[in-house]
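Read the structure below first, then the notes.
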Amino acid sequence: MPSDQPSPSRTAGTGVPLHLRGLTKKYQDFVGVDNLNLDIQGGELVALLGPSGCGKTTTLRMVAGLIPVTSGEILVGGRDVTSTPTYQRDMGLVFQSYALFPHMTIAQNVAFGLEMRGIGKDEIKARVRDALRMVHLEGKEDRKPTQLSGGQQQRVALARALVVRPSILLLDEPLSNLDAKLRDEMRREIREIQQKTGITALFVTHDQVEALAMCDKIVVMQAGKLMQAGTPREIYEAPANPFVASFVGRANRLTARGDGSGRYGLSGVEIRGSAGISGNVTMMIRPHRITINDPAAAGENGLSGRLTEVTYVGDLVQLEVASGDQTIMVERSTRSQEALPTIGESVSLNWSAADTMVFSEDAP
Amino acid sequence: MPAAVQKEKGSASLVAMLLVPIIVVNSIGFILPILNLAQLSFKEALVGGGIGEAFTLSNWAILIEDTFYLEVLWQSVWVSAAITLITLACSYPIALYLHRTSDPIRTVLIVLVISPLLTSAVIRTYGWVALLSDNGVITSLLTSMGLNVPPLMFNTTGVIIGMTEILMPYMILALFAGFGRLDQNVEDAARALGANELRVFTRVVFPLTLPGVVLGCLLVFVLAVSSFITPKLLGGGRVFLLATEIYDQAIVTLNWPLAATLSMLVLIVFGLALALYARALRLVTA
């Protein structure tokens, strides 16, 4: 029977810490997750972020016990659950496809986990009512899942997972089936409920906006490996490698040569960067940190080029500039009143040394 | 929107046109013979296979007065029900495995499931005769091991064994077709909520497969009630079922009106089974 009483390390409002130690999943011909080490504090909402096939869902399913671990350990509140079957792991699971029981009513869906724990009828009734109130679905108790909208179904799934007061909440792309407006709303709601209950949560997503907006910490994965773990700000402002820099937010990727003292040669111009690497380097600059034809920016890193393309995307204008053999993307807010240069015109680009992210050439 | 209305009208007449062939075929090949059978059941049977002209209720009276036919009806229904349940129990695990496996293994297995249908039921029944007879493989093997084997043929046991194997492909396919509501994520959700494998099966998997179960049971029950060759050969004339009795009345005794009456009785049994199915389906998909 999954323990319903909180474990000793768990007090009201603060969730249980989750530790992954050398977690590895090997299939016959490839490695799904490669030696993943992760420390999640109690009550944190952590995003596993990466492109599809990066191993984020595999990681989540291993934590849930739905697929066996090849090697490594999963510790929940210090307790090793690596070989505990799913039904005894005490984890709340929310799927992209909602995965509600179609043959049960909403109330029966939410009550399922409580019934499995042998909780009395009266208490089940009260807790189901509270859980449905938490997700604003009072009065829908006797409906069937198919009678609800996608957003409502995902709320039921959330209530069903949380009503048993699990030690960890696992969310597998919970917002990907919802339309953009609803996704915004649900994002806020999930975050609010997670903070109110103080539960430790792992959130799998391929959407960087979701990860940045909702989570305390982001874990970026690629090809089964951990690329970087940190707060949203750290991930965005100080990416560990070019992969993270281009996956979280947009970034220009340029090749340059460094002399080891923080000076780099780019298209024959000297650029000052954030690190002192010698030899061939990958230089990344966020498009919105570059100014175009700005006289006040003299003294910063500068490059001249020719404007080749202008794309209007609503809140931004994206300008493509050819400089030597490199193409640089610049973004300008459409709020700016200044006239845009015309295509074919030569322009000067400027950005600060702090915004010049430099990585050694062989970084991922 | 005149164009849309016109299009709708056009498609309606197209539907009617497409329905004409099947209506014609069913009327000539199905409805008319049944009506003919129905009127035949109200005719008098004459000695030597003749059919009287006068209207009579005597055939139907026989059904009620002669307890033999009530026994045959009862025997038919319970033997078919037993066959249906045993077929379900044997087929369910196979259908579930088929659902869970993936191509190319699944295709191979489906072909294997269907392959017995390529051989006629007569030949498969003779296969069972060879296996089940007193000096057949199964009996002699069990006897040589010192076991006291009851007769496996020319009794209800033999009929049930043979019919179960012959009807399994239909049950497996019906179940497999009805397993569409099963979803791995839904099962995993139940596991995460604290359900062990047994409870995942009883609370989630089985309820979700009920539409397939109900459909398979209807199909197999109807086929079992109406099948004739296998009960005839494996029952050896000692198991009295509606289908074999109809054959005997029509071919041996040449009493066509009574045969027609018994056929109408089978039709009534089917009607009841269908009503039961509709009710059960409403219950399991509600």
Side-chain angles (χ1 to χ4, degrees), chain A residues 1-4 57 60-61 63-67 84-105 108-119 142 144-146 156-174 177, chain B residues 88 92 95-97 99-106 108 174-218 276-286:
Chain A
M1 203 77 252
S3 62
D4 190 49
T57 296
L60 182 107
R61 294 179 76 83
V63 173
L66 296 172
I67 49 179
T84 309
T86 301
Y87 76 96
Q88 290 176 335
R89 272 198 201 190
D90 194 22
M91 306 238 173
L93 204 48
V94 175
F95 295 87
Q96 177 178 354
S97 61
Y98 323 133
L100 297 177
F101 306 126
H103 56 299
M104 298 184 196
T105 63
Q108 285 168 339
N109 263 281
V110 178
F112 187 86
L114 298 171
E115 275 176 49
M116 293 299 122
R117 283 160 171 76
I119 289 167
D142 298 325
K144 282 291 177 72
T146 48
V156 175
L158 196 61
R160 182 180 69 174
L162 287 172
V163 75
V164 298
R165 296 167 194 157
S167 46
I168 311 275
L169 179 63
L170 304 172
L171 304 138
D172 188 3
E173 306 243 3
N177 275 10
Chain B
L88 175 66
Y92 194 92
L96 199 57
Y97 185 78
H99 180 83
R100 299 222 160 132
T101 195
S102 50
D103 279 330
I105 300 168
R106 184 196 271 185
V108 172
L175 289 175
F176 181 65
F179 281 4
R181 287 216 293 173
L182 278 184
D183 173 354
Q184 187 59 46
N185 282 344
V186 171
E187 289 176 44
D188 286 344
R191 277 184 198 103
L193 287 166
N196 58 26
E197 289 309 309
L198 181 68
R199 279 163 134 181
V200 170
F201 183 79
T202 56
R203 294 289 308 274
V204 177
V205 175
F206 192 68
L208 288 179
T209 58
L210 275 175
V213 168
V214 175
L215 175 67
C217 285
L218 171 77
L276 202 67
Y277 165 75
R279 221 189 140 82
L281 196 65
R282 250 207 317 281
L283 218 65
V284 298
T285 52

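Protein chains get the first letters and strands the later ones, always in sequence-line order, with residue 1 at the start of each.
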Heavy atoms only: give me the nearest [X]-[Y] pair and the separation to one decimal.
X	Y	answer
A:Y87	B:A195	CB-O, 3.2 Å
A:A99	B:A189	O-CB, 3.9 Å
A:M104	B:R203	CE-O, 3.7 Å

Is the NZ or CZ atom of A:R160 both under 6.0 Å from the centre of the six-membered ring of A:F101 and within 45° of that ring's axis?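 Yes, A:R160 lies over the aromatic ring of A:F101.
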
Side chain, backbone, both or neither: which part of A:L100 has an atom under 4.5 Å from a heavy atom of chain B?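 Just its backbone gets close to chain B.
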
Under 4.5 Å heavy-atom distance to chain B, tell me which part of A:T86 shows up: side chain, backbone, both or neither.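 Both parts, backbone and side chain.
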
Most contacts with chain A, counted as non-hydrogen pairs under 4.5 angstrom, among B:N185, B:D183, B:L208, B:V200: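 The answer is B:N185.
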
